[in-house]
Every structure is written in C-alpha cells, then in structure tokens.
Amino acid sequence: MQSDDSADDQDPPTGSDQALWARAADGDIAAFGELFGRHAGAVWNYAYRLTGSWPSAEDLTSLTFLTAWRRLGDVTLVNESARPWLYTVTSNLARREQRRLGRFSSALSRLPRGRVVRDHADDVAEQVDADRRLRVVLDAIATLPRAERRAVELCLLGGLSTAAASAVLGITETSVRARISRARSRLRGLLQDTTPTVLTIEEP
C-alpha cells in the first residue's frame, strides 16, 4: 500500500511569512513560491502607485522578489508579514530607477526632437490618461518632506497599517499618524484641481 507522504509533499506550504521565509532560506523553493503568491499582487500595485507606469511596476515587482531571493539568508523578518520589508525594497529600487531616468531624460532633452506618432486606440488613451493623473499625484507626493513622504508611500500608497509602518520607519504609531495628517493637508492644497483617488482611504 502506497504511503500518503507523496500527496502531502505536493500540498502548498502554509504558515506565517516568517516561517515560510526561514524555510525558503533553507532551500525550500515552494515556500518562496508561496511568499510570492501571497504578496506579488500587492507589490505590483505598490510599485505602480509609486511610478505611475505599468511596465515599471512589472520590472520593480520582478526585481523586488529577485532581491528577496538573493537575501533570504541575510534577512530575518521582524514582522509577521513580509510585506513591509518587500515594500521597503520596492521603494528603494523605485528611487534608484527614478534617479537613473532623471539622468537619461536630461541627456535626452539635449537631442533634436523627432515627430511623435500617436496611438489613437481607446484603451491605450485611457491608460495613458490614468497614468497621467497618477503622475500628478506622485509629483505632489515627491514635494513632501521626506518623513511625510515615506509615511504616505507606506500607508496611503502601499496600504500598510500605521502599526506596520511604525515598525518599518522605527517611530511610534502616533508619529506615523501625525505625518500622514500633515501630508494630507499639504496634498489637498497641491491637488485642488485633481481627483487623487489613490489617496481616498479611511483616515488612519
């Protein structure tokens, strides 16, 4: 009679993110796959809200989990969820990419401009418009003081709780709430003529 062990081996790994991370660090690929399945969608959404670009969000999601895979043995999760750590990696990668693109855009602006051929497909136009609106919001967020910007990125863009954000930022939850409140006031003034749907979440 055949043992049921083989069937059990095929079951998806379960447990906390901390347990899955430790198992992945020991070489359990299925455990890392479970972490990816749990958080890839959220990381993609966070990356998109940071960049306003679908392709950039795809690239940042891949790079975030590649970084996680490479650092499994170096990092010990201090939160029950891996998401705060993944968001930190994503935001750092996004800033690095934005600096690189800034240098590229500066060089590109010095070149002669050619004729731009527009794509008039309705779905493309709608996506471009959505990206443009989000870009307006992101540009406003970029003007915030660094402390407020980090709180906004984690809580308003990333959807982390103020408790999780306080652990990531190393400050009290009250301080996180205060930073978000100040940021909201600034952003309302900057975005008077915009509909910043990305910021329409419940008050923390």
Side-chain angles (χ1 to χ4, degrees), residues 35-71 81-160 164-165 168-169 180 183-184 186-201:
L35 286 170
F36 180 86
R38 288 182 182 184
H39 301 295
V43 169
W44 187 95
N45 283 323
Y46 182 53
Y48 175 68
R49 289 185 169 196
L50 285 176
T51 63
S53 166
W54 284 42
S56 293
E58 294 282 356
D59 291 343
L60 285 172
T61 300
S62 298
L63 287 172
T64 294
F65 282 96
L66 179 60
T67 301
W69 175 256
R70 289 173 173 171
R71 299 195 60 192
S81 172
R83 193 165 298 179
W85 186 85
L86 292 170
Y87 279 1
T88 299
V89 172
T90 303
S91 62
N92 289 338
L93 289 170
R95 288 192 186 91
R96 187 184 310 165
E97 179 66 6
Q98 286 165 359
R99 287 194 295 270
R100 186 187 69 81
L101 289 176
R103 292 191 294 269
F104 177 75
S105 297
S106 178
L108 197 62
S109 66
R110 296 192 290 270
L111 298 176
R113 297 193 178 208
R115 186 173 63 88
V116 176
V117 179
R118 296 184 57 190
D119 187 341
H120 295 283
D122 290 342
D123 56 341
V124 174
E126 289 175 3
Q127 185 57 53
V128 168
D129 187 54
D131 289 351
R132 182 193 60 79
R133 291 197 303 271
L134 179 56
R135 187 73 256 168
V136 170
V137 176
L138 295 177
D139 288 345
I141 291 174
T143 67
L144 296 174
R146 184 177 184 278
E148 294 176 15
R149 186 178 70 247
R150 289 291 288 126
V152 166
E153 288 175 352
L154 292 172
C155 294
L156 301 189
L157 298 182
L160 289 186
V168 172
L169 299 173
I180 291 176
R184 285 181 185 276
R186 296 180 198 271
L187 290 172
R188 288 191 184 102
L190 293 169
L191 299 168
Q192 290 178 352
D193 299 326
T194 307
T195 305
T197 54
V198 71
L199 301 179
T200 55
I201 69 169

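Here the structure is a predicted model, which means the values were calculated and not measured.
Under the side-chain contact (heavy atoms from CB on, under 4.5 Å) criterion, Ala140 pairs with Leu187, Leu190, Leu191, sequence neighbours left out. For Trp85, the ring-ring contact (aromatic ring centres under 6.0 Å, His included) partners at least two apart in sequence or on another chain are Trp21. For Ala40, the side-chain contact (heavy atoms from CB on, under 4.5 Å) partners at least two apart in sequence or on another chain are Phe36, Phe65. Residues satisfying the salt bridge (Lys or Arg N to Asp or Glu O under 4.0 Å) criterion with Arg150, sequence neighbours excluded, are Glu153. Under the side-chain hydrogen bond (donor to acceptor under 3.5 Å, both in side chains) criterion, Arg149 pairs with no residue at all, not counting sequence neighbours. Remark: Thr61 pairs with no residue by the side-chain hydrogen bond (donor to acceptor under 3.5 Å, both in side chains) rule, at least two apart or across chains. With sequence neighbours excluded, no residue satisfies salt bridge (Lys or Arg N to Asp or Glu O under 4.0 Å) with Arg71.
Going from atom CG of Leu60 over to atom CG of Leu66 covers 12.0 Å, rounded to the nearest 0.5 Å. Annotation: the span from His39 atom NE2 to Thr64 atom OG1 amounts to 12.5 Å, rounded to 0.5 Å. A distance of 11.0 Å separates CG of Leu93 from OG of Ser62, quoted to the nearest 0.5 Å.
Between Arg49 and Leu157 the shortest heavy-atom distance is CD-O, 3.3 Å. In plain terms, the two heavy atoms of Leu35 and Ala82 that are nearest each other are CD2-CB, 4.5 Å. Between Leu50 and Ser91, the shortest heavy-atom distance links the atoms CD1-CA, 3.8 Å. Ala57 approaches Thr51 most closely through the heavy-atom pair N-OG1, 4.2 Å. A pairwise comparison of heavy atoms in Ser81 and Pro84 identifies O-CD, 3.4 Å as the closest pair.
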Item to complete: Kindly indicate, with the supporting measurements, whether the criterion side chain to side chain contact (heavy atoms under 4.5 Å, CB included) is fulfilled by Tyr87 and Leu160.
Response: CA-CA 9 Å; Tyr87 279 1; Leu160 289 186; 3.6 Å; yes

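Using a 4.5 Å cut-off on side-chain heavy atoms (C-beta onward), Asn92 and Thr67 make no contact. Residues Tyr46 and Leu154 have side chains in contact (heavy-atom distance under 4.5 Å, counting atoms from C-beta outward).
Residue pairs meeting the side-chain hydrogen bond (donor to acceptor under 3.5 Å, both in side chains) criterion with at least one partner in residues 137-147, sequence neighbours excluded, are Arg135-Asp139.
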